[in-house]
Amino acid sequence: MSDEETKPTDFIREAVAEDLRSGRFKTVRTRLPPEPNGYLHIGHVKAFMIDYLIAKENGGELILRFDDTNPTREETEFVEAIEEDARWLGIEWVKVTYASDYFDELYEWAKRLVLMGKAYVDDQTPEEVSANRGTLTEPGKNSPYRDRDVEENMDLLERMKDGEFPEGSRILRAKIDMAHPNINMRDPAMYRIIHNPPHHRTGDKWKIYPMYDWAHGQNDSMEGITHSLCSLEYENHRPLYEWFPEQLGVFKPRQIEFARLNLTYTVMSKRKLRRLVEEKVVNGWDDPRMPTLRAMRRRGYTSAAVLDFIRRVGVAKNYSVSDVSLLEACVREDLNKNSPRRMAVLKPLKVVIDNYPEDLVEEMDAVNNPEDVNAGTRKVPFSKTIYIEQDDFRETPPPKYYRLFPGNEVRLRYAYFIKCTHVIKNDKGQITEVHATYDPSTRGGDSADGRKVKSTIHWVSARHAQEAEIRMYDRLFTKEDPEEGEEGFLSCLNPNSLEILTGKVEPDLASPEVGSRFQFERLGYFSVDSDSTPGRPVFNLTVNLKDTWAKMEKKG
RNA sequence: UGGGGUAUGGUGCAACGGCAGCACACCAGCCUUUGGAGCUGUGGAUCUUGGUUCGAAUCCAGGUACCCCAGCCA
């Protein structure tokens, strides 16, 4: 986390503080309401942190409540995954509940509404219900079943619950106002009939399931949630959110809406993410190119960096799209301070140092992390033949190119100055070997005579090099807003979002711990992938280092 | 053409009637055994038209643009 602990403030925090001051609420209790039908992504983190931090900052509590009101969509496998991801973020909750825990009580409340004449069973077909809802500019029409008497409604509702009627044949609706300008108030559905599949927790006990508007708000009330914080799209639902508890005379939580997180160069909806997985654009939900938390974790992002990003993005009601480069900046900032450095050559080019003794091996001292003196040093073996990065050599250098080229002298990091003498090519004209001479008086990288070089490059001793698979990731899409693609988001996929290389890394990286992170000097941050096997490590590019030269070269 | 919202540099967020600021991005320079990191600096914004006021991003009125809503999804 950067800078001093300035308490972020925003319109929600101000509203909550005001509610406490005015006595509207005495404590703060919030809830995390995920639907267990998918994996958490970066967009959820914003919502989660708002709920969690606002409770925490006010000495209140957070309840993790799974919104499992629709057995046709939800699966129990996601419950665990969501908890795991939320824990990774450091979120703490006082208890885990399920909307389905309250099905009995909720049903009792529905019957109260029926008894009050505020809800009725409607026998219209789904098509009729839709047709009679009216339009945005025209009022709806009352259902012919709207004025059924209470006894009949109670009887029908009970039989709906017991499974006497087929799916889609009837619903329970609140009786509000079919002419209401807010469509959500035109007698919204409270219960629909669902026979199959069985619910992941209540099995086949229920044949009717509550709709979101009915369940969510009443669950909030039952749990004593004071502030129900949600995204902007629920603004239109607030009148209904307030109507139910008002009729019932029960505790009334306050709903406040904020703008959800959007990110450039990515998509966030479950539907689109699922398509990426199902159409094998990516290799699963934890493919490091996905915006899911498991993917970001696998890629090497730290939770601290993700949280820092969320903090910096702030909270407001503007529709907004945050720049993914801010996320990357947060990741770099964290990893720069905390990850040990190593040398790795991604695209190897062989360099033979002609005046270096044939069999000599020297152990060079290398600093583990210049940002952290406590990280210490290590020994790196050096020998006559080494690998350097192909990018670090040019036979004919462009202007401002400081790296190795014939006649030029550079520093091998922590080793020696070398000067390129000539190159050897194969019959296709490709360079197969670069030859150089070294200056023995520059051991460690400092010249005795005060001579300067303009460039320092990284290297790995050929004899000692550990081979490694390196997965280079880039943005999944070529457009800031993938939706801009002519035929939707799948039409602007970045064909180079994954490049797999076989590189050479320092020998101590033969069997690194899965999940551990390193900075490969001058390249970027990498984390050890779970696909690694002993002696064959696999590294994921977490985020590259800023590359000033690449930028200059691009501009020309 | 109903209802609900939102408009501040490229992006995101502040400023709550009193000098429009911060971060990222961008650009220039310094420094450097990572062309990394770090440091310094430049440029650039209040949707519009009126009104109130000594003074308006902020208050008022009228426009404009954009977002959300017509699931028995959440």
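So that the names make sense, note that chain A is the first sequence line, chain B the second, and so on, each numbered from 1.
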Selected nucleotide, minimal atom distance to A/L326 side chain, candidates B/C24, B/C13, B/G35: B/C24
Contact under 4.0 Å: A/K454 side-chain N or O vs B/G35 OP1/OP2: no
Whole-angstrom distance between B/A7 and B/A15, as gauged at atom P: 12 Å
Proximity to the side chain of A/A189 - top-ranked nucleotide from B/C72, B/G5, B/U34: B/C72
Residues A/K419, A/D439: salt bridge by 4.0 Å N-O rule: no
Distance test, side-chain N/O of A/R192 to OP1/OP2 of B/C73, below 4.0 Å: yes
Exercise: identify the closest heavy-atom pair between A/P197 and A/P71: CG-O, 3.3 Å
From B/A74, B/U34, B/G36, nucleotide with atom closest to A/T548 side chain: B/G36
Sugar-phosphate, base or nothing in reach of A/H180, heavy atoms under 4.0 Å: nothing
Between A/Y401 and A/E553, a side-chain donor and acceptor under 3.5 Å: no
Side-chain N or O of A/K551 closer than 4.0 Å to phosphate OP1/OP2 of B/C27: yes
Side chain of A/D323 - closest among B/C68, B/G36, B/U11: B/U11
OP1 or OP2 of B/U11 under 4.0 Å from side-chain N/O of A/T264: no
Sugar-phosphate, base or nothing in reach of A/T135, heavy atoms under 4.0 Å: base
Sugar-phosphate only, base, or nothing, as touched by A/N70 at under 4.0 Å among non-hydrogen atoms: sugar-phosphate
Whether A/Y212 stacks on the six-membered ring of B/A74 base, 5.5 Å and 30° limits: no
N or O in side chain of A/K270 less than 4.0 angstrom from B/C73 OP1/OP2: no
Touch class at under 4.0 angstrom, heavy-atom based, for A/S130 against every strand present: sugar-phosphate
SB check A/D220 A/R65 (cutoff 4.0 Å): yes
Residues A/R522 and A/E389 bridged, charged N to O under 4.0 Å: no
Nearest to side-chain heavy atoms of A/M552, which nucleotide of B/G36, B/G35, B/G2: B/G35
Check: A/R403 side chain, B/G35 base, donor-acceptor under 3.5 Å: yes
Sugar-phosphate only, base, or nothing, as touched by A/Y401 at under 4.0 Å among non-hydrogen atoms: base
Touch class at under 4.0 angstrom, heavy-atom based, for A/Q519 against every strand present: base
OP1 or OP2 of B/A7 under 4.0 Å from side-chain N/O of A/N318: yes
Dot-bracket pairing map - RNA chain B, Watson-Crick plus G-U, both contacts under 3.5 Å, | cross-strand: .((((((..((((....[..))))..((((.......)))).....(((((..]....))))))))))).....
B/C24 OP1/OP2 closer than 4.0 Å to side-chain N/O of A/R332: no
Listed nucleotide nearest any side-chain atom of A/N184, set B/C69, B/G35, B/C26: B/C69
Phosphate contact (B/C13 OP1 or OP2) by A/S320 side-chain N/O below 4.0 Å: yes
Sugar-phosphate, base or nothing in reach of A/T72, heavy atoms under 4.0 Å: nothing
Touch class at under 4.0 angstrom, heavy-atom based, for A/E328 against every strand present: nothing
salt_bridge(A/R413, A/E506) N-O dist < 4.0 Å: no
Nearest-nucleotide pick for A/E35, side chain only, options being B/C72, B/A74, B/G35: B/A74
A/R342 to A/F518 six-membered ring, cation-pi geometry met (6.0 Å, 45°): no
Nucleotide nearest A/D67 when distance is taken to its side chain, options B/A70, B/U11, B/A74: B/A74
Sugar-phosphate, base or nothing in reach of A/V315, heavy atoms under 4.0 Å: sugar-phosphate
Basic-acidic side-chain contact under 4.0 Å: A/E164, A/R159: yes
No-H, no-angle donor-acceptor pair, A/E371 side chain to B/G36 base, under 3.5 Å: yes
A/A316 side-chain proximity, nearest of B/G71, B/A14, B/G36: B/A14
Shortest side-chain distance from A/S325, nucleotide among B/G35, B/C24, B/C72: B/C24
